[in-house]
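Data block below; observations after.
Sequential numbering from 1 along the given sequence is applied to the chain's residues. This one's a predicted model, so the numbers in the text were calculated from it and none came from an experiment.
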Amino acid sequence: GGANVLVVYVSKENHTKHLAAAVASGASAVVNQGQVRSLDSSEASFEDVLWADAVVLGSPTYNAAVHPELQSFINSWPLTDRRVRGKVGGTFVTSG
């Protein structure tokens, strides 16, 4: 089978949401038999992270850093859980 890709984003003015859709579309074109999930960080869970082979995170810049809502999602992951190891990761950002 193919790889499962999770795209998680925070979008306040829909710019990051539109970019997330483009990232998900590109991933869908290359995952073969895998699946792509694109979720707002408020809808995503650690179970989604475990499902994925690759996790791509998107955020608008927020005081020159990641948006607090996305950081909160990341901080919810139990990093001592061995099931998070070996995943491919990526990020994208929007900025004005």
Side-chain angles (χ1 to χ4, degrees):
N4 291 329
V5 178
L6 175 65
V7 179
V8 178
Y9 61 90
V10 171
S11 189
K12 295 303 175 186
E13 298 178 15
N14 288 327
H15 302 295
T16 312
K17 182 177 182 176
H18 291 308
L19 187 54
V23 169
S25 177
S28 292
V30 297
V31 294
N32 298 323
Q33 301 300 313
Q35 296 180 341
V36 177
R37 290 182 188 167
S38 183
L39 301 170
D40 185 278
S41 66
S42 65
E43 302 170 335
S45 70
F46 183 63
E47 291 303 315
D48 293 308
V49 173
L50 293 178
W51 166 85
D53 299 300
V55 179
V56 184
L57 304 173
S59 175
T61 54
Y62 185 86
N63 294 330
V66 66
H67 193 281
E69 289 177 24
L70 190 62
Q71 188 63 60
S72 179
F73 172 67
I74 296 166
N75 291 347
S76 75
W77 304 355
L79 296 180
T80 56
D81 189 325
R82 292 184 170 271
R83 296 174 295 171
V84 297
R85 294 185 181 175
K87 295 187 182 290
V88 174
T91 60
F92 60 96
V93 65
T94 56
S95 180

- request: Verify side chain to side chain contact (heavy atoms under 4.5 Å, CB included) between Val7 and Leu39, making sure each step is shown before the conclusion.
  value: CA-CA 6 Å; Val7 179; Leu39 301 170; over 6 Å; no
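Between Val31 and Ala3 the shortest heavy-atom distance is CB-O, 3.4 Å. Of all heavy-atom pairs spanning Ala27 and Val5, the tightest one is CB-CG1, 4.1 Å.
Residues Val66 and Leu6 fall within the same hydrophobic cluster, defined by Ile, Leu, Val, Met, Phe, Trp and Tyr side chains chained together at heavy-atom separations under 4.5 Å. In terms of hydrophobic clustering, with Ile, Leu, Val, Met, Phe, Trp and Tyr side chains grouped at heavy-atom distances under 4.5 Å, Tyr62 and Phe92 are assigned to different clusters. Placement of Val84 and Leu57 within a single hydrophobic cluster is found when ILVMFWY residues are connected by side-chain heavy-atom separations under 4.5 Å, directly or transitively. Residues Leu70 and Val93 do not share a hydrophobic cluster, clusters being chains of Ile/Leu/Val/Met/Phe/Trp/Tyr side chains in contact below 4.5 Å. In terms of hydrophobic clustering, with Ile, Leu, Val, Met, Phe, Trp and Tyr side chains grouped at heavy-atom distances under 4.5 Å, Val8 and Val56 are assigned to different clusters.
Residues in residues 17-38 take part in these side-chain hydrogen bond (donor to acceptor under 3.5 Å, both in side chains) pairs, two or more places apart or across chains: Arg37-Asp48.
The closest donor-acceptor contact from the side chain of Asn4 to the backbone of Gly34 lies at 3.5 Å or more, if one exists at all. In terms of modelled atom types and a separation under 3.5 Å, the side chain of Ser59 and the main chain of His67 share a donor-acceptor contact. In this structure, Lys87 contributes its side chain and Val55 its backbone to no donor-acceptor pair below 3.5 Å. The backbone N or O of Ala65 lies less than 3.5 Å from no partner atom in the side chain of Asn63, so there is not a single donor-acceptor pair.
Side-chain contact between Tyr9 and Thr94: absent, with no pair of heavy atoms (C-beta onward) separated by less than 4.5 Å. Side-chain contact between Val10 and Phe73 is absent, with no heavy atoms from C-beta onward closer than 4.5 Å.
By the salt bridge (Lys or Arg N to Asp or Glu O under 4.0 Å) test, Arg82 is found to be paired with no residue, residues two or more places apart in sequence or in another chain being considered.
Summarising the hydrophobic clusters (Ile, Leu, Val, Met, Phe, Trp, Tyr; side-chain heavy atoms under 4.5 Å, direct or chained), the residues clustered with Val88 are none.
Taking a cutoff of 4.0 Å between a charged side-chain nitrogen and a carboxylate oxygen, Lys12 and Glu69 qualify as a salt bridge.
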